[in-house]
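Naming: A, B, ... by sequence-line order, numbering from 1 per chain.
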2 protein chains.
Amino acid sequence: MVAEPGQGDEVVTTPAEPPAVPHPADEPAVRERARAIPEAAVARLAIYLRALTELSEQGVGTVSSEELSIAAGVNSAKLRKDLSYIGSYGTRGVGYDVGVLIGQVERILGLTRNHSVAVVGIGNLGHALANYNGFPGRGFPVTALFDVDPDLIGVPVGGIPVDHIDDIPQVVADRDITIGVIATPPSAAQEVCDRLVSAGVQCILNFAPVVLQVPDHVEVRKVDLAVEMQILSFHVARRADEGSTESTAAGPDGAVNGTGMSEVDGMVMRP
Amino acid sequence: MVAEPGQGDEVVTTPAEPPAVPHPADEPAVRERARAIPEAAVARLAIYLRALTELSEQGVGTVSSEELSIAAGVNSAKLRKDLSYIGSYGTRGVGYDVGVLIGQVERILGLTRNHSVAVVGIGNLGHALANYNGFPGRGFPVTALFDVDPDLIGVPVGGIPVDHIDDIPQVVADRDITIGVIATPPSAAQEVCDRLVSAGVQCILNFAPVVLQVPDHVEVRKVDLAVEMQILSFHVARRADEGSTESTAAGPDGAVNGTGMSEVDGMVMRP
DNA sequence: AGCCGCTTGTGAACGCAGGCACAAAGTCGC
DNA sequence: GCGACTTTGTGCCTGCGTTCACAAGCGGCT
């Protein structure tokens with residue numbers, strides 16, 4: 001994260017990071033607690049949640065930090081620390097109750113309510129996104145699609161009719177859209193972004209390879225395939241340089257690679 | 001960075017398992033320089049490259065760190081430091097020559113050669129990816145598609161015929177695939193990953209929401225739409241808490257028990 | 001030529017995140 | 001009921017990445 005970064009943020013989030021209050025206002029639990037969760041930890045909480053859901057479906061009722069950390073591919077100490085950010089829901093000597101933990105993580109991640117999603121730009125990607133009717137992890141129903149192409153307007157994609165981007169303000173308000181996904185060509189991205197923001201959308205997932213300019217109160221996350229590919233390319237090149245010592249010996253060592261290496265902008269990577 | 005007096009290869013402090021390089025290797029400045037580039041900086045280099053390319057197309061010949069940093073949405077000091085990792089190609093008092101810098105960044109990112117890409121899983125996302133014939137930023141031609149569905153085998157998508165995943169070893173070797181993209185349902189991801197790795201692919205871009213287990217020499221980057229959405233959701237929730245103290249309280253729509261884990265997530269750009 | 005202003009490159013401080021190790025806290029067995 | 005064992009929660013240290021601030025270097029102007 002995208003890593004990140006993740007990270008690094010990410011590589012991308014809001015440019016200006018409000019450095020929070022120098023003096024912790026006493027202990028207003030609710031707000032401070034939520035604010036205190038590091039971005040990287042939030043990303044991992046989502047991973048834990050997936051692992052927990054899987055365990056739950058398998059009928060597992062209790063899980064230790066060690067087990068869960070393996071499933072999530074992280075260090076167990078890190079996992080415990082991450083969980084401690086949201087409270088103390090474990091039982092020493094036993095572990096965590098899967099059901100309880102799922103509930104708490106969902107609460108923190110704001111998954112107790114649905115977040116309607118609008119996808120702008122119904123090209124290849126937009127099409128693919130619209131067809132994820134279930135959308136990953138449920139709780140994020142796509143309820144609106146936008147484009148500028150007259151041929152697309154009115155045509156339903158994945159069961160949802162495409163509206164013209166001029167209708168963004170009204171549709172966003174009507175359907176209570178909280179998340180906007182930009183899947184347009186780069187040239188249109190900023191324009192679309194501005195329209196979404198004007199319509200009241202405060203969270204944007206941007207697939208276009210542009211750095212969006214947004215007000216401070218808007219949260220942007222960026223997914224950039226070109227960057228991902230180039231990072232991989234970098235590692236290929238780096239590897240090629242190392243050709244001298246210890247060549248391609250390394251057989252399929254399926255063993256546990258205990259190295260918890262790098263991590264970027266929210267996107268985990270395992271060398 | 002480390003002005004190591006003696007080449008102390010020995011473990012210095014913690015007796016645990018140092019994730020350091022197994023073999024001390026030498027310290028050839030040239031190679032070490034590449035290795036010394038922080039992961040986060042690599043991600044940004046890709047962003048800079050895009051901004052530089054844009055400038056170049058506009059006929060701009062020289063750019064200052066200040067200008068470029070604005071275009072890339074980062075701090076100018078950070079940009080200069082990032083660029084310093086790859087060498088000193090700027091001219092004090094003037095700035096950077098756009099053409100030269102593009103060349104150097106491309107060199108570091110290994111973009112002087114083409115990287116053939118294979119996409120596994122021709123569902124919604126795989127389809128979208130395959131149709132990016134140009135693929136983002138070019139230099140990453142998709143030359144192979146794989147799936148298990150007999151109805152898809154042989155059918156060309158985006159000009160490339162789909163092969164059965166049993167053919168991975170041969171096709172990967174024949175077409176010199178260096179990057180594998182996993183766009184399968186989560187249940188198949190690890191299996192596909194193993195096959196790619198066995199076939200010699202060392203870089204994988206994973207769109208499936210699973211933590212892949214791979215040998216140390218394989219580089220994996222993960223793009224997880226569900227995680228991205230949940231992070232955004234978190235920020236919505238945090239924001240809501242800041243205004244009014246609203247506790248859990250079920251949302252308006254109870255949303256029937258969602259379907260089980262949905263599919264993969266997808267993403268790209270330039271639809 | 002010499003000065004001046006601009007921009008790079010980087011040393012150093014700072015802050016945050018990661019990992020270790022241990023005390024606290026609970027369970028299980030006897 | 002008590003001790004031994006298990007596992008959580010966290011203080012502390014370490015290392016990385018970001019930011020600041022400034023000296024060094026280069027071009028242009030006089």
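For Glu54(B), the side chain to side chain donor-acceptor pair (under 3.5 Å) test picks out no residue, with sequence neighbours left out. Every residue two or more places apart in sequence or in another chain that forms a side chain to side chain contact (heavy atoms under 4.5 Å, CB included) with Ala46(B) is listed here: Val227(A), Gln230(A), Leu109(B). Applying the side chain to side chain contact (heavy atoms under 4.5 Å, CB included) test to Val236(A) and every residue at least two apart in sequence or in another chain returns Arg113(B), His115(B), Cys203(B). For the side chain to side chain contact (heavy atoms under 4.5 Å, CB included) test, residues two or more places apart in sequence or in another chain that qualify with Glu106(B) are Leu49(B), Ile102(B), Leu111(B). Scored by the side chain to side chain donor-acceptor pair (under 3.5 Å) test, Asp194(A) finds Gln190(A) as partners (sequence neighbours excluded). In this structure Val63(B) satisfies the side chain to side chain contact (heavy atoms under 4.5 Å, CB included) test together with Leu52(B), Leu55(B), Glu67(B), Leu68(B), Tyr96(B), Val98(B), sequence neighbours excluded.
To the nearest angstrom, C1' of dG18(C) lies 17 Å from CD1 of Ile37(A). As rounded to whole Å, 9 Å separates atom P of dT8(C) from atom CG of Leu79(B). Going from atom CG of Asp82(B) over to atom C1' of dT18(D) covers 10 Å, rounded to whole Å. Between Leu83(A) atom CG and dT7(D) atom P there is a gap of 16 Å when expressed in whole angstrom units. What separates CD1 of Ile86(B) from P of dT10(C) is a distance of 12 Å, to the nearest Å. Rounded to whole Å, atom C1' of dT7(D) lies 19 Å from atom OH of Tyr89(A). Regarding Lys78(B), its NZ atom lies at a distance of 17 Å from the P atom of dC16(D), rounded to whole Å. Between Tyr85(B) atom OH and dT10(C) atom C1' there is a gap of 10 Å when expressed in whole angstrom units.
Atom OG1 of Thr53(A) is separated from atom OH of Tyr48(A) by 14.5 Å, given to the nearest 0.5 angstrom. Interatomic distance, CG of Leu45(B) versus CD of Gln104(B), reported as 11.5 Å (0.5 Å rounding).
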Write out a two-atom table: protein N or O, nucleotide N or O from nucleotides 20-22 of chain D, distance below 3.5 Å.
unit_1  : atom_1 : unit_2   : atom_2 : d
dA21(D) : N6     : Arg80(B) : NH2    : 3.4

If you restrict it to nitrogen or oxygen atoms, what contacts under 3.5 Å exist between nucleotides 1-4 of chain C and the protein, and what is each distance?
none

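Between Ile182(A) and Leu196(A) there is a side-chain heavy-atom pair separated by less than 4.5 Å. Leu205(A) places a side-chain heavy atom less than 4.5 Å from the side chain of Leu225(B). Side-chain contact check for Ile108(B) versus Phe234(A): some heavy-atom pair is nearer than 4.5 Å. Side chains of Glu219(A) and Ile204(A) form no contact here, defined as non-hydrogen atoms less than 4.5 Å apart. Contact of the Ile231(A) side chain with the Glu39(B) side chain is registered, since non-hydrogen atoms from C-beta on lie closer than 4.5 Å.
DNA chain C is contacted by Thr91(B), Arg92(B), Gly93(B), Val94(B), Gly95(B), Tyr96(B) of residues 91-99 of chain B, taking any non-hydrogen atom closer than 4.0 Å. Of the residues in residues 60-71 of chain B, those placing a heavy atom less than 4.0 Å from an atom of DNA chain C are Ser64(B), Ser65(B), in numerical order.
For Ser88(B), whose side chain is taken as the heavy atoms from C-beta onward, the closest listed nucleotide among dG9(C), dT18(D), dG18(C) is dG9(C).
For residues 76-87 of chain B, the pairs satisfying salt bridge (Lys or Arg N to Asp or Glu O under 4.0 Å) are Arg44(B)-Asp82(B), with sequence neighbours left out.
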